[in-house]
Amino acid sequence: MNSKSNNAEPDDGARPADKAMNHVARFDIFCRRYIEPEGNVVAELPEVTSDVDLLKRLYRQMVLTRVFDQKAIALQRTGRLGTYPSVLGQEAIGTGVASAMRDDDVLLPSFREHGAQLQRGVSIRELLLYWGGDERGSDFSGPRNDFPVCIPVGSHFPHAAGAALAIKLRGSDNVAVVIAGDGATSKGEFYEALNIAGVWQLPLLVVIANNQWAISVSRKEQTRARTLAQKAIAAGIPGEQVDGNDAVAVFTATMEALEAIRAGRGPHLIEALTYRLGDHTTADNASRYRDDEEVSLHWHEDPVSRLRDYLTAQNHWTKEDEQTLLEECRGQVDSEAEAYLAIPVQPVSAMFDHLFAVLPEPLKLQREYAMEAGKDDQNGGN
Amino acid sequence: MTKMAETDLLGAVNLALGRALQDDETTIVLGEDVGVNGGVFRATDGLQEKFGSARVLDTPLAECAIAGIAVGAATQGFRPVAEIQFAGFIYPVIDQVLNHASRLRTRTRGRLSCPMVLRAPYGGGVHAPEHHSESPEALFAHIPGLRVVIPSSPQRAYGLLLAAIRNPDPVVFLEPKRLYHALREDVTDDGKELPLDQPVYLRQGRDITLVTWGASTLEVLRAAEQLEAEGISTEVIDVATLSPLNDEPICASVEKTGRCIVVHEAARTGGFGAEIVARIADRSLTSLLAPVRRVTGYDTVIPLPRLEVKYMPGTRQIVDTAQEVMALS
């Protein structure tokens with residue numbers, strides 16, 4: 001079904017005055033933006049921006065994410081990584097959200113949030129190990145309570161509510177932060193989790209990285225709702241939009257939301273507007289369903305050059321700084337990639353060894369058989 | 001504090017939940033109507049009053065979220081016991097169980113784990129409305145990394161549920177609701193668990209092995225008595241933990257008797273009986289004196305109450321099948 005058959009604006013419930021129609025409720029959705037493309041300031045900058053080091057950290061982290069992304073695609077194209085979902089164009093969201101989080105918060109990322117994971121302390125080699133097809137990549141040494149990426153879209157919203165419930169029951173002031181895409185908001189788990197989080201006033205922050213595309217289905221084909229942020233309103237939760245390509249806006253909105261949640265004011269939803277500049281994954285070819293022209297237009301919104309332009313205009317960033325940063329990032333990513341490639345394959349027994357805390361007796365025979373059969377390349381080989 | 005009291009299977013579930021809440025403050029109970037109302041069957045009766053609404057939580061009506069929240073809380077140091085009101089409503093949560101609860105430990109190489117229990121009343125024979133009589137055990141038994149446990153007496157419900165709650169991995173605990181009030185026995189609320197992964201001999205015999213679980217144990221034990229009167233000695237095994245299946249006692253028994261019938265309420269094709277028969281074929285075929293038979297529900301949708309009794313495997317079918325098997329050798 002194509003929504004193009006109806007070009008009218010979505011109905012947002014406005015009604016003419018009528019004595020039989022008593023006004024019950026009205027809601028507003030605001031979108032926050034401080035820095036627009038080319039680094040121009042469009043609103044009074046928040047207090048945090050006086051900390052130039054913070055802005056530089058945000059910028060460096062976005063560049064690292066992008067360099068990592070380029071490397072991952074190159075490794076995939078040369079047969080040294082599995083199918084990989086690029087985060088190109090969305091770096092401000094992962095970086096901004098994760099930079100505002102505390103170490104003891106819990107992140108539940110979707111499969112595209114490498115930037116958030118990097119900022120949380122998951123190492124580049126661990127990310128590559130995971131996307132290279134090795135479960136040990138999700139046994140990351142950094143944020144030990146963070147979830148691994150969620151592949152079945154949106155099924156991690158309830159986990160985030162559960163993690164938030166654990167936090168609330170423990171009486172601590174950390175927060176569960178879940179990131180998912182626009183397509184995920186069409187799923188039942190999204191509504192179920194938001195609804196319960198509202199009822200129980202859980203310390204939960206939901207971030208929707210709205211990159212306008214769920215593989216080939218555009219944002220307009222995904223929902224008739226004017227915004228995704230308004231879906232929170234239905235659950236009695238504050239929802240807001242933020243320019244997801246403005247790292248300062250993402251960071252500030254997240255910081256404010258987390259402070260409110262820590263103060264006991266219940267869950268919050270941020271819809272971060274961005275654009276998926278790359279294919280859905282390395283197995284996808286986006287030119288089958290969207291115009292190159294549309295993609296080119298969105299390069300103008302690029303979050304990385306936007307913050308660089310701002311920093312440059314403020315005389316906080318030079319061409320030499322840029323050159324040095326790129327060399328550092330490339331050096332770090334290359335050496336981590338080498339380290340990843342040097343990690344030997346797990347033993348066959350690893351299939352069994354983490355299935356249960358203690359391998360049940362009935363499975364021990366299968367484990368022994370698998371180890372014997374796996375000695376050469378015949379078992380399961382092609 | 002230990003007290004012994006006569007109770008039914010439902011009461012034993014209630015005792016075990018209370019004991020688990022008492023012994024471990026990380027245990028929480030959640031589900032639809034489990035709080036003030038004490039559950040639609042009263043399995044959680046009085047628990048919210050005793051342990052508070054922070055530990056016995058009434059959830060909104062959302063099965064997926066109930067299971068998913070249990071997953072999330074379990075990874076962060078809690079032991080959630082989530083109730084799905086009827087097994088007929090458990091199908092939306094298979095995604096949460098299959099994609100998440102059962103594989104988080106594997107996915108993270110042991111970094112995160114999921115010590116949670118998903119309880120649900122299951123099975124037919126109580127004249128319930130549509131979608132209230134399903135037996136989905138085989139669906140769950142096919143999921144690696146998950147335990148499927150089914151009690152068949154009050155004492156076993158108490159001991160197995162405690163073991164399930166204390167287990168470091170996820171357990172689907174299916175309660176045969178036809179047994180909720182069917183039998184009473186003394187249950188000692190001593191906090192002692194029964195071993196998981198361990199089939200239970202309900203009766204020792206020499207001629208034929210009857211393998212079953214859940215509410216069908218009633219008909220199987222009745223059939224065993226009738227057969228005994230006819231001079232046919234049966235061994236009855238309650239599988240209790242369907243997955244991971246410990247086939248050792250089943251095969252040992254079949255090697256002794258040379259004959260076996262598997263009895264279950266769920267539809268036959270792809271039912272869990274097929275797995276048991278396959279294990280016997282694999283390990284004990286040469287000991288068999290007759291083909292292994294199944295007495296099960298038909299490969300049909302379980303009918304509404306007026307026809308339901310014709311669907312349920314009955315004592316007579318078991319007796320008849322046993323006589324046929326005996327006549328073959």
Side-chain angles (χ1 to χ4, degrees), chain A residues 106 108 130 134-141 144-152 155-171 176 178 187-189 191-200 202 204 346 350-363 366, chain B residues 25-26 28 30 54-55 57-78 80 92-93 95-96 98-113 115-116 144-147 167-170 196-198 241 243-248 279:
Chain A
V106 181
L108 298 98
Y130 174 72
D134 191 317
E135 291 85 352
R136 289 174 295 180
S138 293
D139 181 17
F140 29 80
S141 45
R144 296 290 289 173
N145 286 331
D146 280 10
F147 265 60
V149 296
C150 184
I151 301 284
S155 57
H156 61 324
F157 288 118
H159 309 159
L165 174 65
I167 291 166
K168 189 179 171 95
L169 290 176
R170 209 174 278 124
V178 56
K187 294 206 45 165
E189 293 100 320
Y191 294 96
E192 291 193 13
L194 270 190
N195 184 59
I196 293 189
V199 175
W200 290 350
L202 297 177
L204 172 69
Q346 301 172 89
M351 277 189 272
F352 293 88
D353 290 344
H354 302 282
L355 197 55
F356 293 96
V358 178
L359 191 68
E361 204 60 41
L363 279 161
Q366 277 189 31
Chain B
E25 62 180 18
T26 66
I28 55 172
L30 69 157
R55 296 187 60 205
L57 299 112
D58 272 322
T59 66
L61 209 164
E63 285 82 7
C64 246
I66 291 168
I69 282 171
V71 170
T75 62
Q76 309 294 316
F78 282 81
V93 318
D95 178 47
Q96 287 296 332
L98 199 161
N99 276 325
H100 298 296
S102 66
R103 48 205 283 179
L104 258 176
R105 183 186 291 281
T106 290
R107 294 185 63 217
T108 61
R109 288 301 185 247
R111 183 173 61 83
L112 296 179
S113 61
M116 61 177 272
L146 181 71
R147 274 191 171 77
N167 191 274
D169 293 301
L196 300 173
D197 310 344
Q198 191 59 54
T241 299
S243 181
L245 175 64
N246 176 1
D247 56 25
E248 199 73 49
R279 299 287 186 107

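Lettering of chains follows the sequences in order, A, B, ..., and the numbering in each one begins at 1. Keep in mind it's a predicted model, so treat the numbers as computed, not measured.
Contact count against chain A (heavy-atom pairs under 4.5 Å) is highest for B:T108 among B:D95, B:T26, B:T108. Most heavy-atom pairs under 4.5 Å with chain B: of the set A:A176, A:G188, A:A161, A:A350, this distinction falls to A:A350. Most heavy-atom pairs under 4.5 Å with chain A, from the set B:E248, B:R107, B:R147: that is B:R107. Counting heavy-atom pairs closer than 4.5 Å to chain B, the top-ranked of the candidates A:C150, A:S155, A:A193, A:P152 is A:S155.
A:Y191 does not touch chain B: none of its heavy atoms, backbone or side chain, sits under 4.5 Å away. Contact of A:A160 with chain B is not made at all, since no heavy-atom distance falls under 4.5 Å. For B:L112, the part lying under 4.5 angstrom from a heavy atom of chain A is the side chain only. With a threshold of 4.5 angstrom between heavy atoms, A:F157 does not approach chain B through any atom at all. Contacts between A:L165 and chain B at a heavy-atom distance below 4.5 Å involve the side chain alone, from C-beta outward. Residue B:I28 touches chain A through its side chain alone, counting heavy-atom pairs closer than 4.5 Å.
Here A:D139 contributes atom CG and B:T106 contributes atom OG1; the two are 12.0 Å apart, rounded to the nearest 0.5 Å. Interatomic distance, A:Q346 CD to A:M351 CE, rounded to the nearest 0.5 Å: 9.5 Å.
The closest side-chain donor-acceptor pair between A:E189 and A:H156, if any, does not fall under 3.5 angstrom. Using a 3.5 Å distance cut-off with no hydrogens or angles, the side chains of B:N246 and A:E361 do not pair a donor with an acceptor.
B:P144 approaches B:S102 most closely through the heavy-atom pair O-CB, 3.4 Å.
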Hey, mind stepping through A:F140 and A:D146 against side-chain contact (heavy atoms from CB on, under 4.5 Å) and telling me if it holds?
-> CA-CA 9 Å; A:F140 29 80; A:D146 280 10; 4.0 Å; yes
Side-chain donor/acceptor pairs under 3.5 Å, residues 59-76 of chain B, sequence neighbours excluded:
unit_1: B:T59; atom_1: OG1; unit_2: B:G31; atom_2: O; d: 3.3
unit_1: B:T75; atom_1: OG1; unit_2: B:G72; atom_2: O; d: 2.7
unit_1: B:Q76; atom_1: NE2; unit_2: A:N145; atom_2: O; d: 3.2

